[in-house]
K.L.:
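Okay, here's the structure, questions in a sec.
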Amino acid sequence: MPLETPARIVSELTSRGYNADREAVTLLAGADDPRAALDVAVERAPDDALKLSADHVERVLTERSADGDTSVSTGSESGNNPQVKARPPTETEGMSVEGTNDEGVGDGGVGDERDEDSEGVGEDVIDVSRPDESVRDPNFDARSLDVSGDITGESTGTGEYEDFVSVFRDRFERLSKQLRSRVNARPTSAVQAMPGGGETAIVGMISDIRSTASGHWLIELEDTSGTYPCLVMKDREFADLVDELLFDEVIAVEGTLSDDNGDGDGILFVDSLYFPDVPRTYKPSTADRHVQAALISDVHVGSQEFMADAWSRFADWLYTEEAERVEYLLVAGDMVEGVGVYPDQDEELDIVDIYDQYEQFSEYLKEVPGDLEIIMIPGNHDAVRLAEPQPGFDEELRDIMSVHDARISGNPSTVTVEGVDVLMYHGVSLDEVIAELPDEKANYDEPHKAMYQLLKKRHVAPQFGGKTRLAPEEKDYLVMDDVPDVFHTGHVHKLGWGKYHNVLAVNSGCWQEQTAFQKSVNIDPDAGFAPILDLDTLDMTVRQFS
Ligand code: D5M
Ligand code: FE
Ligand code: ZN
């Protein structure tokens, strides 16, 4: 097989027990005869090296071409200028393979010693650690990735009644706090005792929504002291907000009490309705330098419909100049197709064993540059508990996916990338939001609009007892205490993005072609796209690889 693409070079190197820097792979791929170049680079690698550095490859290519052997020159335009630069300085656009006159800030004076850097590597394990970029890349120090709100290892839920009480109480306390600063609310027990005709506000969790015989809406709100019925008249200007309401979400209402209040069967006539929401003036944080993250999900390795070619094109693109600033890869669940997720799924499986699926996923993950910071959360096809919040993968699966030191976290998790808070959530509740809300407010072609609803409710999966399985825990991990700067989901296999009160919502599409089931229900997936986020501006571009 010819070795012209970075993904193939990486496979070949890993099969020989080597890893390589992104630049090293690019250099090999750019050589006139990549296979010969790779052979020589491996042959001349220091004995203890597990990772080929760009400097090493560069040196090999230079020596070869100085020897008059142009078959392993760099493929630069001039063909006779094998001077290459490992990595441009921070402010230089483009990864030059043509020899530029700027002095690479980070590439001077570092020799073979970098190859010795193989911390934490076992004897017969190939080096999957990142290169010690701090030696050569001034950007490396700027990298930061922190995770919060991760259930992994923290689950206390036993599924007992008390857990339901405590998760609801926690949800109510945290979301009502967000609303109390905006309304002067009283507990429902105090409202019950008020004289008729007075004005008040209530903060509560929606326990029931009914339409009345005359077409008005009766919403029952529950707080820790009881419940209270609230009537939204159909001709009020905000009556269409009732369409957006889901059971178990927390809202506030202000209104006037019926005249008979105080004798046990009063109601509140609603004059205004509030969601916890994101303030319109929300100012998202941004990174201090020009750096990018690829936001993907739903790879579905193991499915006959997994798009291996599109994936390899994506991996190859990551080695190009255009992708030079892409330093993070965020994967929002459904790494593999899984087993027994949907009826008749086995008929479309390419790999039937779940562990083999993860092994294969790991092979595909190896194709992407080893210097990417990767973070992954599970989805509903993954081999973790289905109920949300989902903990991150167990040790056995982490071992299988340990390539590139990818970080693994629960679903959902907030990942702070160079100061930008990215709320990653697989997105199972989007199906429910789309099913329950009118088409103009949430639909499969505009998945970001369904995400806006979750931001408005400040909760990633408001409704208990529906399609989304929720596990009761001591605290509600699905509440958005803080407003994220970016909200990243997947699951519905549709690409869509937009801003809601300055928060960027991105649903990232998938890497799986239409399945038989999807065909039968007219789901037309957006497959083979990679949304690329500028962390310094929160602008998005989408790359297509299908
Ligand atoms: O789901 C991808 C999308 O397709 C998501 O919107 C659910 C829907 N889907 C796919 N297969 C089924 C079946 N068999 N029943 C119901 N809904 C389905 P994902 O979970 O990522 O495959
Ligand atoms: Fe999926
Ligand atoms: Zn899914």
Side-chain angles (χ1 to χ4, degrees), residues 295-308 310-311 330-351 354 357-358 360-361 364 376-393 410-413 424-437 439 442-451 453-454 460-461 463 466-470 478 487-496 505-531 546:
L295 273 45
I296 64 163
S297 68
D298 298 274
V299 190
H300 289 267
V301 170
S303 157
Q304 284 169 12
E305 285 84 14
F306 167 63
M307 302 166 80
W311 178 267
L330 277 49
V331 194
D334 286 359
M335 267 24 92
V336 299
E337 172 64 8
V339 177
V341 182
Y342 292 124
D344 300 328
Q345 187 201 20
D346 46 341
E347 286 166 25
E348 290 186 71
L349 285 182
D350 191 31
I351 304 171
I354 185 78
Q357 292 183 359
Y358 283 102
Q360 189 58 44
F361 170 74
Y364 285 111
M376 312 193 280
I377 64 166
N380 58 312
H381 284 247
D382 285 300
V384 301
R385 83 169 181 201
L386 189 55
E388 298 171 11
Q390 295 180 285
F393 302 105
N411 170 39
S413 285
M424 293 178 70
Y425 169 61
H426 178 60
V428 169
S429 71
L430 296 172
D431 282 332
E432 200 153 348
V433 172
I434 291 169
E436 303 266 339
L437 267 51
D439 209 47
N443 62 75
Y444 281 108
D445 289 325
E446 297 168 301
H448 49 288
K449 286 194 178 172
M451 299 173 74
Q453 291 291 331
L454 299 178
V460 298
Q463 198 158 278
K467 286 186 196 156
T468 318
R469 292 197 211 177
L470 302 179
L478 308 173
F487 185 23
H488 173 203
T489 60
H491 180 65
V492 296
H493 293 207
K494 296 295 274 186
L495 180 66
V506 186
N507 194 281
S508 50
C510 63
W511 298 86
Q512 181 186 37
E513 275 172 323
Q514 193 181 46
T515 63
F517 168 82
Q518 290 167 349
K519 195 168 180 164
S520 74
V521 293
N522 262 337
I523 297 176
D524 185 14
D526 292 322
F529 293 87
S546 47

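These numbers come from the heavy atoms of this one structure, side chains and all, not from hydrogens, waters or symmetry mates. Just follow the structure's listing: the first ligand is 1, and inside any ligand the first atom is 1. Please read all numbers here as calculations on a predicted model, not as lab measurements.
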K.L.:
Relative to the heavy atoms of D334, which atoms of ligand 1 are at a distance of less than 4.0 Å?
P.N.:
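So the atoms of ligand 1 that pass are 19 (P), 20 (O), 21 (O).
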K.L.:
Indicate whether any N or O donor in one side chain lies under 3.5 Å from an N or O acceptor in the other, for Q512 and E337.
P.N.:
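Present: a donor and an acceptor within the cut-off.
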K.L.:
Compute the angle centred on the Fe ion (ligand 2) spanning OD2 of D334 and NE2 of H300, and express it rounded to 10 degrees.
P.N.:
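Nearest ten degrees: 90°.
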K.L.:
Between NE2 of H381 and CD of Q357, what distance do you get to the nearest 0.5 Å?
P.N.:
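Reported value, rounded in 0.5 Å steps: 10.5 Å.
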K.L.:
Would you check whether Q512 has a nitrogen or oxygen atom less than 3.5 angstrom from a nitrogen or oxygen atom of ligand 1?
P.N.:
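N/O-N/O distance under 3.5 Å: no.
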K.L.:
Has H300 got any heavy atom lying under 4.0 angstrom from an atom of ligand 1?
P.N.:
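Yes, H300 has heavy atoms under 4.0 Å from ligand 1.
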K.L.:
Does S297 put an N, O or S atom under 2.8 Å from the Zn ion (ligand 3)?
P.N.:
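No N, O or S atom of S297 is closer than 2.8 Å to the Zn ion (ligand 3), so no.
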K.L.:
Any idea which atoms of ligand 1 are less than 4.0 Å away from a heavy-atom of N380?
P.N.:
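Those qualifying, in numeric order: 20 (O).
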K.L.:
Please state whether the separation between the Zn ion (ligand 3) and some N/O/S atom of D298 is under 2.8 Å?
P.N.:
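Short answer: no, not a single N, O or S atom is under the cut-off.
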K.L.:
Mark up the atoms of ligand 1 that fall under 4.0 Å of a heavy atom belonging to Y444, in ascending order.
P.N.:
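Heavy-atom distances to Y444 below 4.0 Å select 6 (O).
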K.L.:
Need the atom name: nearest N/O/S atom of D334 to the Zn ion (ligand 3).
P.N.:
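Result: OD2.
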K.L.:
Is H493 close enough to the Zn ion (ligand 3) that one of its N, O or S atoms comes in under 2.8 Å?
P.N.:
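No.
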K.L.:
Please determine whether H381 has a backbone or side-chain N, O or S atom lying under 2.8 Å from the Zn ion (ligand 3).
P.N.:
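Under 2.8 Å: H381 has no N, O or S contact with the Zn ion (ligand 3).
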